[in-house]
Engineer: 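Please read through the structure below; I'll follow up with questions.
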Protein chains: 2
Amino acid sequence: MRIGEAAGATGVSAKMIRHYEAVGLLPAAARRDSGYRDYGEADVHALRFIRRARDLGFSLSEIAGLLALWRDKARASAEVKRLALAHVEALEEKARDLSAMASTLRHLAAHCHGDARPDCPILEGLAGERG
Amino acid sequence: MRIGEAAGATGVSAKMIRHYEAVGLLPAAARRDSGYRDYGEADVHALRFIRRARDLGFSLSEIAGLLALWRDKARASAEVKRLALAHVEALEEKARDLSAMASTLRHLAAHCHGDARPDCPILEGLAGERG
DNA sequence: ATGGGGATTCCTATCATGGGAAGGTCAAGG
DNA sequence: CCTTGACCTTCCCATGATAGGAATCCCCAT
């Protein structure tokens, strides 16, 4: 199948498929006489793998490692689990950071009456007049 | 004070101070005869404001809006509150997204025995053989 | 006057993704 | 046979926030 069909079948845009090939995440695709890239079932599986990993927040370099493990039928599952749990930690830390930001800002907003008057604890907080 | 001192006093790198000026977040700084930028107390306040807003996850364009409101002594606090709460929603949504990713991945990892054996539910999950 | 730390501008990189231009390929239909 | 239009190719540029580095210049203390 051509790149557009592969894109439709996997949810990865044609643009990104070419990009993944360019950065070495995928091997160079087979080509037809016309120069068009030609994809098979194995390619579609790899693209779906990449897309799911991206949906789980893995970076492209992390995915490169996961793909290598995936293709290595003899890999130890311990290695995969280690990578996955390290990533879980990173995701949870980012989530905590965002929640803390939201909480701080919500507290500031709670003290702002939010009407036509100009005084505003949110701006005062950002200016450092408190907190 | 020179840019390095302003950077030290605010926690914003000299590099970023120049950048904020270049993108219009800050007005062009005063210059000495030497060409060096010259900062005063008002600039330091603005830089601290920006830094705190960045720490709360506001984008530079959002900060541009907040700065305008901050400088407008007659603004209605309702507008500030609206922006702040919209940002809180966005932060919380991102935090939820990350938590959901972490949770999904943690579930996959929980079913992976993580030893020397090659079979691994994490990779199977990414490959789409389940879920 | 010299050394060194700080300043200036400008270019490059990161990360993942997308937009768009200029041109080649292919199938359908007048 | 030739056109049309959808698809493909490569290449360049942009995003957003931040940092690294080069070449050059300024300032101050020894």
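Here is the naming used below: chain letters follow the sequence lines, and residue numbers restart at 1 for every chain.
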Engineer: How many angstroms lie between CD1 in Ile50(A) and OG1 in Thr10(A), if you round to the nearest 0.5 Å?
Structural biologist: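 So the CD1 of Ile50(A) and the OG1 of Thr10(A) are separated by 9.0 Å.
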Engineer: Distance-only criterion, 3.5 Å: show the donor-acceptor pairs between side-chain atoms of residues 34-41 of chain B and protein atoms not counting sequence neighbours.
Structural biologist:
from     : atom 1 : to       : atom 2 : distance (Å)
Ser34(B) : OG     : Tyr36(B) : N      : 3.3
Arg37(B) : NE     : Glu21(B) : OE1    : 2.9
Asp38(B) : OD1    : Met1(B)  : N      : 3.1

Engineer: Please list residues of residues 55-63 of chain A whose heavy atoms come under 4.0 Å from any atom in DNA chain C, ordered by number; otherwise none.
Structural biologist: Ser59(A), Leu60(A)
Engineer: Can you sort out the partners of His113(A) under side chain to side chain donor-acceptor pair (under 3.5 Å), two or more places apart, ordered by chain and number?
Structural biologist: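 Partners of His113(A) under the side chain to side chain donor-acceptor pair (under 3.5 Å) test: Asp115(A), Asp119(A), Ser77(B).
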Engineer: Hey, where on DNA chain D does chain B first and last touch, going 5' to 3'? Cut-off is any atom under 4.0 Å from a heavy atom.
Structural biologist: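 Extent of the interface on DNA chain D: dA17(D) to dC27(D).
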Engineer: Could you report the tightest heavy-atom contact between Cys120(B) and Val80(A), atom names first, then the distance?
Structural biologist: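 Scanning both residues completely, I find the closest heavy atoms to be SG-CG1, 3.5 Å.
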Engineer: Which residues, if any, of residues 19-36 of chain A bring a heavy atom under 4.0 Å of DNA chain C?
Structural biologist: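 Only His19(A), Tyr20(A), Ser34(A), Tyr36(A) qualify.
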Engineer: So what does Arg18(A) touch, heavy atoms closer than 4.0 Å: a base, only the sugar-phosphate, or nothing?
Structural biologist: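 Arg18(A): base contact, heavy atoms under 4.0 Å.
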Engineer: Drop me the distance from Ile122(A)'s CD1 to Glu124(A)'s CD, to the nearest 0.5 angstrom.
Structural biologist: 10.0 Å
Engineer: Could you name each residue pair satisfying side chain to side chain donor-acceptor pair (under 3.5 Å) that touches residues 56-69 of chain A, not counting sequence neighbours?
Structural biologist: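 Non-adjacent pairs meeting side chain to side chain donor-acceptor pair (under 3.5 Å): Ser59(A)-Ser61(A), Ser59(A)-Glu62(A).
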Engineer: Considering only heavy atoms from C-beta outward, does the side chain of Asp55(A) approach that of Thr104(B) to under 4.5 Å?
Structural biologist: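 The answer is no, as the side chains (C-beta and beyond) never meet within the 4.5 Å cut-off.
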Engineer: Answer yes or no: is there a side-chain heavy-atom contact under 4.5 Å between Tyr20(A) and Met16(A)?
Structural biologist: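 Result yes, sub-4.5 Å side-chain heavy-atom pair found.
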Engineer: Which nucleotide of DNA chain C is the first, and which the last, in the 5' to 3' direction, to come under 4.0 Å of a heavy atom belonging to chain B?
Structural biologist: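 Going 5' to 3' along DNA chain C, contacts run dG6(C) to dT9(C).
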Engineer: Do Leu105(A) and Phe58(B) come within less than 4.5 Å of each other through their side chains, counting heavy atoms only?
Structural biologist: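 The answer is yes, as the side chains (C-beta and beyond) meet within the 4.5 Å cut-off.
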Engineer: Can you tell me which residue pairs pass the salt bridge (Lys or Arg N to Asp or Glu O under 4.0 Å) test with a partner in residues 3-12 of chain B, sequence neighbours excluded?
Structural biologist: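 Listed once each, the pairs are Arg2(B)-Glu5(B).
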Engineer: Applying salt bridge (Lys or Arg N to Asp or Glu O under 4.0 Å) as the test, list every pair that has at least one member in residues 73-86 of chain B; sequence neighbours left out.
Structural biologist: Glu79(B)-Arg82(B)
Engineer: Within the structure provided, determine whether Leu60(A) and Arg54(A) are in side-chain contact (heavy-atom separation under 4.5 Å).
Structural biologist: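 Answer yes - side chains close enough.
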Engineer: Only pairs under 3.5 Å count here: list side-chain donor-acceptor contacts from residues 94-101 of chain B, not counting sequence neighbours, and write none if there are none.
Structural biologist:
from     : atom 1 : to       : atom 2 : distance (Å)
Ser99(B) : OG     : Ala95(B) : O      : 3.1

Engineer: Applying side chain to side chain donor-acceptor pair (under 3.5 Å), can you list everything that pairs with Arg71(B), at least two apart in sequence or on another chain?
Structural biologist: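 Listed in chain order: nothing, the list is empty.
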Engineer: I'd like to check Leu56(A) versus Leu126(B) (side-chain heavy atoms, cut-off strictly below 4.5 Å). Are they in contact?
Structural biologist: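 Side chain of Leu56(A) against side chain of Leu126(B), heavy atoms only: contact under 4.5 Å found.
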Engineer: On DNA chain C, does the nearest nucleotide to Ser13(A) precede the nearest nucleotide to Lys15(B) from the 5' side, or the other way round? Give the residue.
Structural biologist: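 Its nearest nucleotide being more 5', the pick is Lys15(B).
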Engineer: Using the C1' atoms of five pairs at each end, what's the angle between the two axes of the helix from dA1(C)-dT30(D) to dG30(C)-dC1(D), to 10 degrees?
Structural biologist: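 Angle reported: 30°, given to the nearest ten degrees.
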